[in-house]
Amino acid sequence: MSLITRTQPVPAFEETLEEIEPELAKKSIEELTLSTKAKNALRDQNIGTIGRLMGKYTERSLLKVKNFGRKSLQELKEELGKLGLSLRKE
């Protein structure tokens with residue numbers, strides 16, 4: 001029995017990647033202008049590319065990552081915005 005119900009399906013990893021230009025999807029998180037703390041938190045979760053980040057994570061799920069708080073999320077959203085990307089809300 002699941003305690004979690006979803007009103008809308010979450011897009012599959014492959015579907016999300018199709019919406020991102022291949023070059024952007026392959027771009028390393030290390031290339032973004034993020035604080036060391038934010039980069040380390042993403043690296044600790046094996047989030048190495050923008051494609052992996054966009055395909056698997058929402059704002060809420062990132063806030064559950066150890067050492068990745070609101071300030072890190074804001075930095076990431078700003079950097080993604082410069083690339084014309086945004087995280088899924090849910």
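Throughout, numbering of the chain's residues begins at 1 and tracks the sequence. Atom set for the values below is all heavy atoms of this structure, side chains included, hydrogens, waters and symmetry mates excluded.
- Taking the side chain as every heavy atom from C-beta outward, I29 and T49 never approach each other to under 4.5 Å.
- When all heavy atoms of L83 and K27 are compared, the closest pair comes out as CD2-NZ, 4.0 Å.
- L80 contributes atom CG, which lies 5.5 Å from atom CG of L85 (distance to the nearest 0.5 angstrom).
- Take R43 and apply the side chain to side chain donor-acceptor pair (under 3.5 Å) test, not counting sequence neighbours, and it matches E30, N40.
- Across S61 and K56, no two heavy atoms sit closer than the pair OG-O, 4.5 Å.
- To the nearest 0.5 Å, atom CD of residue E78 and atom NZ of residue K82 are 7.0 Å apart.
- Minimum heavy-atom separation, Y57 to Q45: OH-O, 3.9 Å.
- Here R60 contributes atom CZ and R88 contributes atom CZ; the two are 12.5 Å apart, rounded to the nearest 0.5 Å.
- Here the closest non-hydrogen pair linking L87 and K77 is CD1-CG, 4.3 Å.
- S86 pairs by the side chain to side chain donor-acceptor pair (under 3.5 Å) definition with nothing, not counting sequence neighbours.
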Would you give me the side-chain donor-acceptor pairs under 3.5 Å for residues 62-73, sequence neighbours excluded?
none

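- The closest donor-acceptor contact from the side chain of E79 to the backbone of T33 lies under 3.5 Å.
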